[in-house]
Amino acid sequence: MRKWFWIGLVIAVIMGFYHSLIPPKSIYTSQGYHIDQFATLPILHEGRIKPLDTVARATLISIRGKQSLRTETGTYSAIDWLITSIVDPYKANRLALFNLRDPSQYGLTHLGLESKQKVFSFYELIPYFDHIQTQAAPALDIEAKKRTPFQKNIVQLHHQLMLYFQLKNTFYPETVDDPSAWVHQFMDIKSTYQDQLLAHLTKPDGLNPDIQQMVLTFRDFQLMSDYAIGWVIPGKNPKDWTSMGTSLLTLFDKNTPINTVADDYLTLFSALHTQNPTLFNDTLNDLYTTLNTINPTLQKKLAFEVWFHNASLFYTTMTVYLLITIGVLMAWLSRSLKLQSLTVGALAGTFGVHTLALIIRMVLQGRPPVTNLYSTAVFIGWVAILLGLLLEKQFKNGIGTFCSGIIGFLTLIIAHHLSLTGDTLEMMQAVLDSNFWLATHVVVINIGYGAAILSAVLAHIYILGGFFTSALTKEMQSSLVKMTFATVAFALVANFVGTVLGGIWADQSWGRFWGWDPKENGALLIVIWLAIILHARLAGLIKQRGVMVLSVFTNVVTSFSWFGTNMLGVGLHSYGFMDKAFFWIVVFCLTQLTVMAIGSLPRKLWKSTPL
Amino acid sequence: MTNGQYSHSLKPNIKRLISFLASLKLTVVLLGFSLVLIFVMTLAQVKLGLFLAQKLYLNQWFVWINFGGISLPVFPAGKLVGWGLLINLITAHFRRFHWSKSKLGIWLTHFGLIVLLIGGGVTGYFAKESQLIIREGQTLNYTENFQQMELVIIDVNDPKMDTVIRYSQNQLHTGQLLNPPHVPFKLKVNRLYPNSTFQKDPLDDSVLLVRELPVETRMDRLNIVTADLDIQYTTVPSANVLPTQASLVTENRVISNGFKAPEILHIEGKTYVLSIRPSRYYTPFSITLRKFTHEVYPGTQKPQFFSSDVTVRYPEGGTQDFLIYMNHPLRLDGRTYYQASFGEGGQISILQVVQNPAWLIPYIACVIVSIGLLLHFGMQLVGFLSKKKGKK
C-alpha cells in the first residue's frame with residue numbers, strides 16, 4: 001500500500017505545479033519580446049511595490065472579473081492586454097472588455113445601447129460617457145451601501161472606465177504613437193527656448209507653433225501625473241517613488257535631463273510600436289541594471305511574485321482536491337484499498353503544495369498567513385485539510401481524506417471569488433498593522449473556524465451517508481462519532497482562545513476587552529453553540545444522532561461569523577460588502593437546515609443500520 | 001463529606017431548587033437564550049446602533065415589545081441570562097464538582113468563566129469612557145463624554161481659578177429649581193430639551209425657534225436676538241432657564257450645546273458663565289498635543305499610521321513625553337488613552353479614554369480558562385492515544 005501512497009503523492013504534486021511547468025502563453029513572447037522579464041518590472045500601486053504583471057491582473061480582474069481576456073481573435077493574458085492597451089489603444093478600445101450583464105440596469109438602453117449585448121468595448125461606450133459621468137457623480141456622494149442597484153452599477157462602470165483610462169495613460173498619453181520620439185522632440189524644442197522657457201510658457205505666444213506644442217506637452221505630462229494607475233520611477237524608499245508624468249514634468253526645469261528609468265520605459269514602448277524586439281530586449285536589460293543599483297533585492301522578489309501568480313497554485317490544488325474527493329467515493333464503492341492509499345497520498349501531496357503556496361504568500365507580504373478575507377478562505381481550508389489528514393492517519397478509513405478533499409475544494413472556490421477584488425497581497429490598514437496579533441489572534445480564530453467546519457462536514461457524512469446509503473457500517477459510525485466529538489472539542493478550545501486573544505488585542509488597541517461588535521459576537525456565537533452541543537450531550541438531552549444534527553448547524557453559525565458579520569456593514573470589522581455572496585450564504589444555510597431535517601427523520605427510514 | 005448529616009434537615013424543596021439551579025439542562029437552556037439574544041442584538045445594531053442595541057437586549061432583565069400601546073416582556077434579556085448563567089455556574093460548582101485529578105481541568109475552566117462573568121459585570125458598572133479631542137499645540141486637563149451632557153455654572157471672577165458647578169443631564173428636568181451653592185442666584189429650568197433643533201422664524205428673521213426632536217412639531221419662540229449656531233450639531237440638548245434672585249428681575253436665557261458661545265450672566269457685579277456641554281472628567285495632570293502624524297500608503301488614501309506625540313504635565317511639576325499610536329496606548333493614573341481617530345485633516349487628534357478598574361480581570365480569567373481547557377482536553381487526548389497504542 002505504501003507504493004500507492006507515494007504514487008498518489010507524486011501525481012498530485014505534478015498536477016499542483018501544472019501551470020508553473022507550462023510557460024505562460026503570450027502574443028508578444030512569440031514575436032520575440034522578453035515579456036516574462038517585462039512583467040517583473042516594478043510599479044508602486046495601492047501603496048505596495050509590485051510587478052507590472054500583478055497590476056495588469058488586478059486591473060483586468062477589476063474590469064473583467066478574470067485574469068485573461070478572451071476575444072474572437074484570441075486570448076490575451078493580463079500582461080498582453082496591458083501592453084496592447086498602451087501600445088495599440090485603437091485595437092484595445094475595440095476589444096469586448098466591459099461586462100454590463102444587463103445594459104438596461106445602467107439606464108443606457110433608452111439612449112440606444114444594444115440591450116441584448118452583454119459585453120461592450122470601450123469604443124462602443126464612448127457615446128455614453130457624458131451620461132455615465134453625470135449619473136455617477138451624485139451617486140459617488142452617497143455612502144456605498146446606501147446606493148440603489150442602478151447607482152451601484154453606474155458607479156462600478158464609471159470606476160472601470162476610469163481604471164482603463166488610467167492604465168492607457170500611465171506611461172505616455174494614448175494619443176501619442178511613438179513615445180520616445182515624442183519626448184525627444186520636446187527636448188529639442190525646449191533647448192531652443194531654454195533661457196526664456198518659463199516666460200514663454202506663462203505668456204504663450206498664440207502664433208508660435210513650438211510654444212503651442214510645449215503647452216500641450218505640459219498638459220499631457222500633467223494628465224499622466226494625475227491619472228497614473230501606479231508610479232514607476234523608483235526611489236530608495238516607497239515614499240520616494242513618482243509617476244512617469246511627475247518625472248517628465250521636471251523636464252520643464254532648466255537643464256534637467258530625462259530620468260534614465262523614464263527614458264528606458266519610453267524606449268521600450270517605442271520598440272513595441274516600431275516592432276523592434278532586439279531594441280526592446282536590450283533596453284530591458286539596461287533598465288534591469290539600473291533598477292538593481294537602486295534596489296538590489298527587489299527584482300528577485302518581484303520575479304518570484306510573477307512566477308507565483310502564473311503558477312496559480314490555489315487554482316490547481318482546488319481541482320486536485322475535487323478529484324481526491326471523487327477518488328475516495330470511488331474507493332469506498334469499489335472497496336479498493338489501493339485506490340484509498342492513492343487518495344491519501346494525493347491528499348498529502350496537494351496539502352504540501354497548498355502549504356508551499358501559503359508560505360510564499362507570507363514571504364511576499366512579509367506577514368503572518370491571514371491578512372484579508374481572501375487569505376482566511378485559503379487558510380481555513382488548510383487547517384481543515386490538516387485536521388482531516390490527522391484523522392485519516394488515526395482512523396485509516398477514508399473519512400478524513402474525504403473531508404479534506406471536499407473542504408479544500410469548497411474553500412478554494414470561495415477564495416477564488418474573494419480574489420476578484422483585485423490584489424490579494426494588499427497592504428494592511430493601520431489598525432490591523434500588528435504582526436504579533438495577526439500571528440496569534442487571527443491565526444487561532446481561523447484554526448477554530450476550520451475545525452468547526454470539519455465537525456460539520458463529518459456530521460454530513462454521518463447523516464447523508466447513513467440516510468441515503470447502506471454503506472455506513474457500525475464501525476464507520478463509531479469512528480465518525482469519535483471524530484466529531486474530538487473535533488467539536490478542539491474547535492471549542494480554539495475558538496475560545498482565539499476569541500479571548502481578540503479581546504486582548506481590542507483592549508490593547510481600543511481600550512475595551514469586549515464591545516459587542518458583530519465580528520466579536522459572531523465568534524462568541526460559535527463558542528456558545530459548540531458549548532451547547534457538548535453540554536446537551538452531557539446532560540443526556542441529545543445522543544449521537546443529536547450531536548450530528550446539531551453539528552450541521554455549526555456550519556450555519558460559522559458562515560454567519562465568517563461572512564455574515566461583514567455584510568452588516570457596521571462595527572470595526574466591516575472590511576467589505578458583498579452582494580452576491582449574501583444570496584449564496586442564504587442558499588447554503590437552507591441546504592444545512594435541510595440536512596438537519598433529514599438527520600432528524602425517524603431512524604427506521606435510514607438505509608444504514610444504527611449503532 | 002459531612003453534608004450527609006445536614007441533608008435530612010434541608011427541606012426537600014430547597015434541595016430541588018438547588019438541583020434545578022445547578023442542572024446542566026438549565027445551562028443548555030440559558031446558553032440557548034444567550035445565543036438568540038446575541039444574534040438578534042447583532043442584527044439590531046444595523047438600524048439602532050451599538051449603544052441602543054446593547055441597551056435594549058443586554059442591559060435589561062427582559063426584552064420588551066410594544067403591542068399596540070402595551071409593553072410586554074417577551075424574552076429574557078442580558079441581565080437575566082447573565083445572572084442566570086452565573087448562579088447556575090456557581091451552584092453547579094459547589095454542588096456537583098468533585099475534587100479529582102481528572103475533573104481539575106473542567107473545574108478550572110468553569111471557575112475561570114465565573115471570574116470572567118464577574119469581571120464583565122464590574123466593568124459594566126464601573127467603567128467610564130470618554131474622549132480627548134485635542135488640537136495640535138493645545139493643552140487640556142479633562143476628557144469629554146459625549147453620551148452624557150452637563151449643565152454648568154462657572155464662576156470666573158477669581159483670576160487664578162474657575163469654580164465649576166455642574167448638573168449632569170439625567171439630574172435635570174423641566175420645571176426644576178436649581179439651588180447652586182456659592183452663587184447669588186437660583187436657576188429655574190423653564191424647559192429642558194434633551195434633543196432640540198433650531199430654526200429662524202421665517203416671518204421674523206431675528207427670532208429663533210426651538211423644538212424637541214423627534215416628536216414635537218410645535219416650535220417655541222425664544223426671545224433672544226441672535227445666536228451663533230454651531231451647525232455641526234443637528235440635535236442638541238438645550239435649556240430655557242431663568243436666573244432668579246430676590247432683589248433683581250432677570251430675563252430668560254437659552255443655553256444649548258448647539259450654540260458656539262455660552263451665556264454670560266452679570267449679577268451683583270460678578271460674572272458667571274452658563275452653558276451645556278459634554279460631561280467633563282477632569283484629570284490632575286494636563287496633556288499637550290505637540291504633533292499629530294497621519295500617514296497613508298504612498299499614492300493611496302489607505303491609512304498606514306496614526307500617532308499623537310504628547311507631553312504630560314504632572315501637578316507636582318515635571319513633564320514626560322509619550323508617543324500614542326495604533327496598538328500602543330498610554331496608560332496613566334488608571335486611565336488609558338488610545339489613538340482612535342482624527343479630525344480637520346490632522347489638526348485635531350481624537351483619543352479614546354477608558355477608565356476601568358476591572359481591566360485586568362478578563363486577562364486573569366482567560367488564563368485560568370485556557371489552562372483548564374488545555375488540561376482537560378489534553379488529558380483526554382493523551383488517554384485516547386494511549387488506548388489506541390494499547391490496542392495494537
Side-chain angles (χ1 to χ4, degrees), chain A residues 44-48 228 230-231 238-239 241 243 394 426-431 433-434 436-437 482 486 489-490 492-493 496-497 500-501 503-505 507-518 521-522 524-525 528-529 531-532 535-536 538-541 557 560 564-565 568-571, chain B residues 23-25 27-28 31-32 34-35 38-39 41-43 45-46 49-50 53-54 58 109 116 119-120 123 127 129 295-300 302-306 325-329 336-340 352-354 356 359 361-363 365-366 369-370 373-374 376-377 380-381 384-385 388:
Chain A
L44 178 63
H45 173 252
E46 289 175 354
R48 182 172 82 92
W231 299 350
K239 279 187 217 161
W241 285 57
S243 63
Q394 192 66 33
E426 58 191 326
M427 302 299 268
M428 313 242 28
Q429 286 186 49
V431 68
D433 187 5
S434 163
F436 174 74
W437 290 114
K482 288 201 191 93
F490 176 72
L492 176 61
V493 175
F496 179 80
V497 173
V500 160
L501 286 172
I504 297 175
W505 185 4
D507 187 50
Q508 295 288 313
S509 199
W510 303 305
R512 89 287 181 280
F513 181 84
W514 194 261
W516 301 107
D517 171 84
N521 292 347
L524 183 60
L525 286 175
I528 292 177
W529 179 249
I532 287 177
H535 286 81
L538 269 170
L541 287 168
V557 183
F560 174 73
T565 50
L568 298 174
V570 291
Chain B
S23 73
L24 261 177
K25 293 195 179 129
T27 312
V28 175
L31 284 176
S34 67
L35 195 80
I38 294 174
F39 176 66
M41 180 252 182
T42 308
L43 295 180
Q45 278 186 41
V46 184
L50 178 58
Q54 219 175 313
L58 300 178
T109 307
L116 192 65
T123 301
E129 283 205 42
E295 279 171 18
V296 286
Y297 287 107
T300 70
K302 206 173 198 179
Q304 185 177 12
F305 189 74
F306 298 108
Y325 57 104
M326 303 307 278
N327 299 312
H328 285 85
T336 316
Y337 293 78
Y338 300 82
Q339 182 68 62
Q352 188 73 16
V353 187
V354 177
N356 180 12
W359 74 276
I361 296 182
Y363 289 85
C366 294
V369 174
S370 302
L373 285 172
L374 285 169
H376 180 75
F377 289 116
Q380 291 216 322
L381 183 65
F384 175 75
L385 287 173
K388 270 262 162 179

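All values below were derived from every heavy atom in this structure, side-chain atoms included, with hydrogens, water molecules and symmetry-related copies excluded. Note on naming: letters A, B, ... go to the chains in the order of the sequence lines (proteins, then strands), and numbering restarts at 1 for each one.
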[X] and [Y]: which non-hydrogen atoms are nearest, and at how many Å?
X: B:S34; Y: A:I528; value: OG-CD1, 3.5 Å
X: A:G47; Y: B:Y297; value: CA-CB, 3.6 Å
X: B:F377; Y: A:A489; value: CE2-CB, 3.3 Å
X: B:Y338; Y: A:Q508; value: CE2-O, 3.3 Å

- Just give me the residue among A:W437, A:W529, A:F496 that pairs up with chain B most often, heavy atom to heavy atom, under 4.5 Å.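 That would be A:F496.
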- Contact winner vs chain B - A:V497, A:V493, A:L525, heavy-atom pairs under 4.5 Å: A:L525
Interchain contact, [X] with chain B, by part (heavy-atom threshold 4.5 Å):
X: A:L501; answer: neither
X: A:I532; answer: both
X: A:F560; answer: side chain

- Task: Kindly indicate, with the supporting measurements, whether the criterion side chain to side chain contact (heavy atoms under 4.5 Å, CB included) is fulfilled by A:W516 and B:M41.
- Result: CA-CA 9 Å; A:W516 301 107; B:M41 180 252 182; 3.4 Å; yes
Give, for atom [atom1] of [X] and atom [atom2] of [Y], the distance between the pair rounded to the nearest 0.5 Å.
X: B:T42; Y: A:N521; atom1: OG1; atom2: CG; answer: 3.5 Å
X: A:L538; Y: B:K25; atom1: CG; atom2: NZ; answer: 12.5 Å
X: A:L541; Y: B:L24; atom1: CG; atom2: CG; answer: 8.5 Å

- Task: Determine the option with the most heavy-atom pairs under 4.5 angstrom with chain A, choosing from B:V296, B:L43, B:L58, B:T27.
- Result: B:L58
- With the side chain counted from C-beta on, respond yes when B:Y363 and A:D507 share a heavy-atom pair under 4.5 Å apart, and no when they do not. yes
- Item | Residue pair B:N356, A:R512: steps toward the side chain to side chain contact (heavy atoms under 4.5 Å, CB included) verdict | CA-CA 9 Å; B:N356 180 12; A:R512 89 287 181 280; over 6 Å; no
- Query: Which atoms of B:F39 come close to chain A, meaning under 4.5 Å heavy atom to heavy atom: side chain ones, backbone ones, both, or neither?
  - Reply: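 The answer is both parts of B:F39.
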- Please look at B:L31 and chain A and tell me whether the side chain, the backbone, both or neither of the residue comes under 4.5 angstrom of a heavy atom of that chain. both
